[in-house]
Amino acid sequence: MSTTGDVFVTLTLARGPSLTEQAAALIRGRIVHGTLQCGEPLSELALAQELGVSKTPVREALLELKRQGLVEIHPQRGTFVFEMSSAQVVQLAEMRSILELAALRLAMDRNGQALSLRWAELVAAMDVAMANENTEDYRVLDGVFHQVMFDLAENQFLSETFTVIAFRIQALRNRLSLDPALNEKSHGEHKRLVALAAGGEAEKVAELLAWHIEWTRSSYIDLLGLPAGDSRSTRGGERRLKAGK
């Protein structure tokens with residue numbers, strides 16, 4: 001028979017998600033999928049009433065989403081869905097490039113064949129989503145396409161670091177996916193990445209992935225209607241875009 005301590009542990013592990021976790025997941029989903037727009041104010045009371053819970057789990061959920069970069073909490077002003085300046089978009093793209101290129105190289109080195117096969121499966125599914133004009137499926141598959149590199153890189157700390165920015169990237173990706181022309185361009189680049197990976201051309205895959213991230217950075221700035229800015233990072237990104245690198 002289990003001791004009291006063992007029983008307590010068993011009961012704890014058997015429980016489902018807490019109210020805070022459920023509230024965070026629901027609010028996160030709305031932000032990531034664009035139901036809640038960038039800069040939109042969030043009311044603890046309204047969310048609590050809508051979700052059928054007290055304000056406490058909603059408040060705790062918003063704090064968790066703040067840690068994930070999806071929510072901004074301003075004393076005396078309120079709580080809002082995240083917003084980004086052009087400089088922040090550039091910085092996010094720089095961080096994303098560093099992490100994804102590292103994950104790509106590790107994945108190709110350790111699980112190159114598995115990466116190629118998984119990417120090919122995802123692109124085939126993207127073909128179906130594009131043919132059916134199903135932007136929701138396409139944007140989910142797009143996110144998985146990039147996540148696969150981290151799954152196959154087999155580096156826990158690299159994956160954990162990417163998680164810090166992954167939700168914000170997906171939120172921006174979902175907004176881009178509303179434009180069919182952008183989806184076509186994105187899908188074409190995914191197909192080229194698959195072809196290069198199948199040929200084992202690691203450096204060419206890395207070059208195209210870097211270009212793909214730079215292009216999405218520029219598209220985010222245009223989509224959000226942000227001023228281009230004149231920082232060295234922004235100008236450097238523009239030079240790389242023009243050079244096709």
Side-chain angles (χ1 to χ4, degrees), residues 17 21 24-35 65 68-70 92-93 95-198 202 205-206 208-217 219-220 223:
E21 292 169 331
L26 288 168
I27 299 169
R28 183 191 305 114
R30 293 181 183 184
I31 294 173
V32 168
H33 290 93
T35 305
L65 296 176
Q68 295 172 355
L70 294 177
L92 180 67
M95 185 63 170
R96 179 185 173 192
S97 184
I98 290 168
L99 297 177
E100 289 199 18
L101 289 172
L104 171 67
R105 291 189 169 97
L106 288 174
M108 291 200 70
D109 182 55
R110 296 171 177 174
N111 295 292
Q113 185 175 7
L115 177 67
S116 179
L117 291 173
R118 187 72 181 107
W119 268 2
E121 292 171 355
L122 288 166
V123 164
M126 288 177 177
D127 286 337
V128 175
M130 292 289 287
N132 293 332
E133 298 182 353
N134 189 330
T135 57
E136 183 173 354
D137 280 0
Y138 179 79
R139 64 197 184 195
V140 170
L141 291 165
D142 190 349
V144 175
F145 186 95
H146 290 267
Q147 179 61 46
V148 163
M149 293 184 292
F150 292 90
D151 296 339
L152 296 178
E154 298 181 349
N155 186 303
Q156 172 190 344
F157 301 104
L158 185 63
S159 294
E160 289 175 354
T161 303
F162 182 68
T163 299
V164 174
I165 62 172
F167 288 123
R168 195 178 300 203
I169 290 171
Q170 187 63 24
L172 293 174
R173 178 183 287 121
N174 287 347
R175 285 151 179 76
L176 286 183
S177 72
L178 298 176
D179 185 332
L182 295 179
N183 287 343
E184 287 285 352
K185 182 171 178 59
S186 169
H187 189 41
E189 291 181 357
H190 289 140
K191 288 182 174 181
R192 289 169 59 200
L193 285 167
V194 169
L196 291 171
V205 177
L208 180 54
L209 179 62
W211 157 254
H212 179 72
I213 294 171
E214 288 282 6
W215 168 74
T216 53
R217 174 198 63 77
S219 299
Y220 291 153
L223 176 74

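Computed from a predicted model, the values in this text were never measured in an experiment.
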How many angstroms lie between atom CG of L158 and atom OG1 of T161, to the nearest 0.5 angstrom? 6.5 Å

Could you label the plane-to-plane angle of the H187 and H190 rings as parallel, tilted or perpendicular, counting under 30° as parallel and over 60° as perpendicular? perpendicular

Does the pair L99 and F150 meet the rule for a side-chain contact (heavy atoms from CB on, under 4.5 Å), with working shown? CA-CA 9 Å; L99 297 177; F150 292 90; 4.1 Å; yes

Value for CZ (R110) from CG (N155), rounded to nearest 0.5 Å, stands at 6.0 Å

Quick check for you: to the nearest 0.5 Å, what is the distance between I169 atom CD1 and E100 atom CD? 6.0 Å

Taking the side chain as every heavy atom from C-beta outward, state whether D137 and N132 have any pair of such atoms under 4.5 Å apart. no

Between E189 and R192, is the salt bridge (charged side-chain N to carboxylate O under 4.0 Å, His left out) condition met? List the steps. CA-CA 5 Å; E189 291 181 357; R192 289 169 59 200; 5.1 Å; no

Using modelled atom types and a 3.5 Å cut-off, is there a donor and acceptor pairing between side-chain atoms of S116 and backbone atoms of G112? no

I'd like to know if the side chain of N111 reaches the main chain of A114, judged simply by a donor and an acceptor atom lying under 3.5 Å from each other, with no hydrogens or angles considered. no

Compare every heavy atom of A129 with every heavy atom of L141, then report the nearest pair and how far apart it is. CD1-CB, 4.4 Å

Kindly say whether R105 contributes a backbone atom to a donor-acceptor pair with the side chain of D109 at under 3.5 angstrom? no

Taking the side chain as every heavy atom from C-beta outward, state whether I31 and F167 have any atom pair closer than 4.5 Å. no

Once you round to the nearest 0.5 Å, how far does CG of L152 lie from CE of M108? 11.0 Å

Straight-line distance of R173 CZ to S219 OG, nearest 0.5 Å: 12.5 Å

CD of E154: more than 12 outside heavy atoms within 6.0 angstrom? yes

Does the pair D151 and R118 meet the rule for a side-chain contact (heavy atoms from CB on, under 4.5 Å), with working shown? CA-CA 11 Å; D151 296 339; R118 187 72 181 107; over 6 Å; no

Return yes if some donor-acceptor pair links the side-chain N/O of S186 with the main-chain N/O of L182 below 3.5 Å, else return no. no

So does E160 have more than 12 non-hydrogen atoms from other groups sitting under 6.0 Å from CD? yes

Trace of the side-chain contact (heavy atoms from CB on, under 4.5 Å) decision for N183 with R139: CA-CA 9 Å; N183 287 343; R139 64 197 184 195; over 6 Å; no

Report yes if the side chains of F145 and V194 come closer than 4.5 Å at any heavy-atom pair, otherwise no. yes

Are the side chains of R217 and L92 in touch, meaning some heavy atoms are under 4.5 Å apart? no

How many angstroms lie between CE in M130 and OG1 in T135, if you round to the nearest 0.5 Å? 10.0 Å

Specify the closest pair of heavy atoms between A153 and A103, including all atoms of both residues, with the distance to one decimal. CB-O, 3.7 Å

Chi angles and distances behind the side-chain contact (heavy atoms from CB on, under 4.5 Å) call for H212, H146: CA-CA 11 Å; H212 179 72; H146 290 267; 3.5 Å; yes

Quick one: list whatever passes salt bridge (Lys or Arg N to Asp or Glu O under 4.0 Å) with E184, sequence neighbours left out. none

Short side-chain to backbone donor-acceptor contact, T216 and I213, under 3.5 Å: yes

